[in-house]
Amino acid sequence: MNQLVSKGKSVEEAISRGLKLMELNKKDVNIEIIQFDTEGFMGIGRKQAIVKLSKSSNEKLSTEPLSMDEMIDNAILREDDDLIAKEPNEVHSWENKKEGTAWIIDNELHIKSTDQKYATASISEDVSLYKNGQLINKKTILLSEENSYHIEFEPVKEKSMSWKISILKNGLEAIIEVFPGEKISQRLKDFPPSDHINIELEHHREIINTLTRDDIINELERQNITFGLNDKAIEHAIKTQEQGKFVVALGKEPKHGLDGELELKVDINAENGLVEDEQGNVNFKEANIIPNVEVGTIMAILHPPIPGISGRTVEDTEIPANKPKELRVVPGKGVDLIDDKIIASESGRPAIEKRGMTVKAMIMSKLVHDGNVNIASGNIRFSGDVEILGEIEEQMIVEAGGDIYVHQSVSESTLTASKSIIAKGNVINSNLTAGKHHLLVIELGHLLAILEKQLGKMIVIIQQLTSSKAYKSQEIKIKGLQPLIILLLEKKFKDYKTTARKYVDIVEKAEQYIEEPEWKKIGYDLKTKFLSLSNETITISQLNILQNLMHELAKSTESEVEPNSYITLSDTINSKIYSSGNINIIGKGCINSKIHAGGALKVNGILRGGEVFGRFGVIVGEAGAISGTKTIISTSADQTITVMKAYEGTILRIGETVRQLFKEERFIKAKLDDQGQIIFV
C-alpha cells in the first residue's frame, strides 16, 4: 500500500492509524493534511481530521492499482469515526497548515509565516524564550520562520521532605511534625495551530514521603523516648501526603492525691438573727440561736490524706504526684484531740475554724455585759462571744473573738468581731467589722499575690543570668544569690521591698490573730532574703519553695463567703460597715453609710446616700432620693443589682461598668450583657 487516506478525531490520531495500517514508520512517509479537526459549537458542526500518507521517494513505489481489499480498507477508514489507533508522544508536522500560524507539540515550537502574516505568542513567567540566542524580555512577540527560537524551562522542580520529633507538655507528649517533599515535572503545554499561541507550562506534581517506621523508631530511641509509643500515629506519619503533626508517644499524667479533710459532726454556726416572719415582723427574742455541746461530744473527725499515683514521661521517667497535705489541728480551750477525733472536754459553744490546712478548735466562752458600755465600764475585749444588754455609748470599743450581740443602739463606737455582729437598735456614726481574721488574711493574701508574681519574674531573670558563661559560678558557691538579688531590687524590682515590708509589718502587728505558721514563715523569709543583709546563703531552690508557698496561701484567701461571719442590723446612719460574709439591714434602712459585704448585701428599707458593695449581689428596697443625694450601688461583674424603686441620679456599678439613672425606675434587675454594658432584665 503506497498511499492511504486516514481519518481521526485529531490529526495525531489520523496519522497514527494510517501508519499502523501501512505498517510503516513516520520517516518512511510523506504526510499531507487534507482537513484539520474542528470542535464546532456545542458539538454541532464537529469535523474529523483527514490526512493523506504516501510512501517517501526512497521507498520503492508500486504502480499497481489498489486491490479490492485495499480499496475496502481505505473506504472503511474514511467512514469509521470510532476506531482509534493511537501511539502516544508521536512527533507531528503540519506542513500544509495555513500561513501566519504557530503551534506547540511535544515541547517543540513550530512556526509557519510569510512576509505579510505572522503569528504572535504570549510568554509565561516560568518560561525563557530566546530569539537568535538573545533572551526575550517582552511578554508578547511576533514569531517568524526566518528567526531561530529556543525555549528554556526547568523540567523538574524538587523540594526535599523533612521531619522532626519534639517533646511537649513537660514530657507527657512526643509529636512528629512531617513536611512531605514534592517533585514537580514540567513540560510545554501543547497548543493547536493558531495565529496567537500561549507559551506556558503544564505541571505534574508528585508528593514524596520517604519516611519509614525505622526512621521514626531510631529517632525516638535517640531521644530516649520509649514509653507510650503510638503505633497508629506512626503509621499515619509514614503515609501522610500532607504536612501534619502526629502524637507518636503519650506519657501518663500523675493522679494527684487528696488532702486531709475535716468532717464536722456538730453545728458550729449561730443562726442568722433578726429574721422577719411572714408578716414582716422581727422576733428579737428568738434572735441569734447559738449551738451548744456537752462534755464528750465528738465535734469533728479528721480524715487522713489519700496519696496520689505517679505518672510517666515519654522518656519513661517518673512524674511524682503532688504530695497531699495533712490537716494540722490547734486545740484550744475546752477541746481534746484523741486519735483522729476532736472532742469537747467542756460544755459550751463549739468553735471550729479551718484556714488552709490548719484547724483551730475550741469551746467558746461568753461574756454578758449587763448595762451600757461607756466610760464607767470601759472598753470590752474578750476572746469569746460578747453580749451587751444595754447600749454602746460614744467613743467606746468592743472586740470579740466570737460574736457580738447588742440589744440596744450603737453610737460613735467601734465594734470588731471575728465572727458575727447583731445589733437590735440604731447604729449611728460607728465602725463595724465582722470577720476580723478573714479581713486580715485577705489583705495579706492580696500582698502575697503581688509578691509571688514579682518573685516569679525575678527567678526567671536569675536563672538566665546564672546560666550564662559571663556569670562566675564560683561566686554563687561562695556568696549565694544575695548580691544578685540586691542588684535586681535596685535596678528592676524597685517596689518589691516596699510591698514586702508592708507584709512583714502586718504579720508582726497582728501576730496574735494569726494561727497558721506559714504566714509567719513567709514574713521571716522576706525579712532575711530581701529586707536585710544576712550571712545566709540563698539558693534558687529556696526561692522556688518560697514562691510556691506564697502561691498556696494567696490562693487560699480566695475562698467562698464564711457563713459564720455576717452582720445583721436594724438600721444605720453615717457609719462604715464591713463583713467578710453577708450583711442584712432589715429595719428602716441605711443613710449616708459606706458598706462592704464579702457576701450578699440586702437592704430591706431605704438606701439614701453613701456607697454600698455586695460581692455576691445587692438587693435594695428603695435607692436614692428626690433631692438627688449621691447613692452608689456596686457588685461584682458576674452578679446582679435588684432595686424595687430607684430615684433619678442613683448610680449602679457592676464590675468596672457604671450606669447612672436619669429618671425614676421601678422593679429593676441590672446585670452586664455580653458586651459588658449594664442592662435591665
Side-chain angles (χ1 to χ4, degrees), residues 166-173 251 253-254 256-257 259 308 311 313 317 319-325 355-358 440-473 475-477 479-508 514 516-534 536-559:
S166 307
I167 299 175
L168 305 176
K169 296 184 179 179
N170 296 323
L172 283 170
E173 196 174 274
E253 290 193 52
H256 299 303
D259 293 336
T313 69
T317 59
I319 305 175
N322 286 350
K323 186 177 179 181
K325 300 173 185 176
R355 302 286 181 182
M357 299 308 294
T358 299
L440 179 65
V441 297
I442 283 177
E443 185 175 2
L444 290 176
H446 175 69
L447 294 173
L448 276 190
I450 298 171
L451 291 169
E452 185 264 331
K453 187 175 181 181
Q454 293 296 307
L455 180 57
K457 294 179 180 179
M458 198 181 303
I459 289 172
V460 171
I461 295 174
I462 290 173
Q463 288 174 329
Q464 291 174 347
L465 291 174
T466 54
S467 62
S468 67
K469 294 181 180 179
Y471 200 87
K472 298 178 181 178
S473 59
E475 187 176 348
I476 298 178
K477 294 179 181 178
K479 299 182 180 179
L481 296 174
Q482 193 166 66
L484 186 53
I485 290 172
I486 292 172
L487 189 62
L488 287 173
L489 292 175
E490 291 176 354
K491 302 290 186 182
K492 180 75 174 175
F493 303 94
K494 296 180 181 179
D495 296 331
Y496 198 83
K497 291 177 72 173
T498 302
T499 308
R501 189 172 289 110
K502 185 176 181 181
Y503 176 92
V504 171
D505 289 344
I506 293 174
V507 170
E508 290 178 348
I514 301 175
E516 300 88 342
E518 291 87 355
W519 297 98
K520 300 173 186 178
K521 170 71 167 58
I522 290 177
Y524 173 80
D525 285 347
L526 289 173
K527 202 170 184 179
T528 55
K529 291 178 172 58
F530 300 97
L531 301 180
S532 62
L533 293 173
S534 67
E536 180 184 352
T537 301
I538 303 173
T539 65
I540 198 73
S541 175
Q542 291 173 343
L543 295 180
N544 281 322
I545 292 172
L546 176 58
Q547 185 193 9
N548 290 336
L549 184 57
M550 285 178 169
H551 179 75
E552 280 186 26
L553 288 184
K555 198 162 186 66
S556 71
T557 64
E558 300 173 0
S559 59

Flag if over 12 foreign heavy atoms under 6.0 Å of [atom1], [X]:
X	atom1	answer
Gln454	CD	yes
Asn170	CG	no
His256	NE2	yes

Heavy-atom check, side chain of [X] versus side chain of [Y], under 4.5 Å:
X	Y	result
Glu452	Ile522	no
Ile545	Asp525	no
Met550	Tyr503	no
Tyr496	Leu526	yes
Thr498	Lys502	no

Exercise for the section: Let me see the working for Trp519 and Thr358 under side-chain contact (heavy atoms from CB on, under 4.5 Å), right down to the final yes or no. Expected result: CA-CA 12 Å; Trp519 297 98; Thr358 299; over 6 Å; no
Which value, rounded to the nearest 0.5 Å, describes the distance between [X] atom [atom1] and [Y] atom [atom2]?
X	Y	atom1	atom2	value
Ile462	Leu484	CD1	CG	5.0 Å
Leu546	Leu451	CG	CG	9.0 Å
Leu549	His551	CG	NE2	11.0 Å
Leu489	Lys529	CG	NZ	13.5 Å
Lys527	Lys520	NZ	NZ	13.5 Å
Arg501	Leu447	CZ	CG	13.5 Å

Exercise for the section: Under the side-chain contact (heavy atoms from CB on, under 4.5 Å) rule, what do Lys457 and Val460 come out as? Steps first, then yes or no, please. Expected result: CA-CA 5 Å; Lys457 294 179 180 179; Val460 171; 5.8 Å; no
Practice task
Search all heavy atoms of Asp259 against all heavy atoms of Met357 and return the closest pair with its distance.
Solution key: CB-CE, 3.7 Å
Completion exercise
On a heavy-atom basis, the closest approach of Ala554 and Leu448 is CB-CB, 4.1 Å
Practice task
Carefully, step by step, assess Leu543 and Ile485 under the rule side-chain contact (heavy atoms from CB on, under 4.5 Å).
Solution key: CA-CA 11 Å; Leu543 295 180; Ile485 290 172; 4.2 Å; yes
Practice task
Decide yes or no on side-chain contact (heavy atoms from CB on, under 4.5 Å) for Phe493 and Leu455, but give the supporting numbers first.
Solution key: CA-CA 9 Å; Phe493 303 94; Leu455 180 57; over 6 Å; no
Exercise for the section: Would you confirm whether Thr317, through its side chain, and Thr313, through its main-chain N or O, come within 3.5 Å as a donor-acceptor pair? Expected result: no
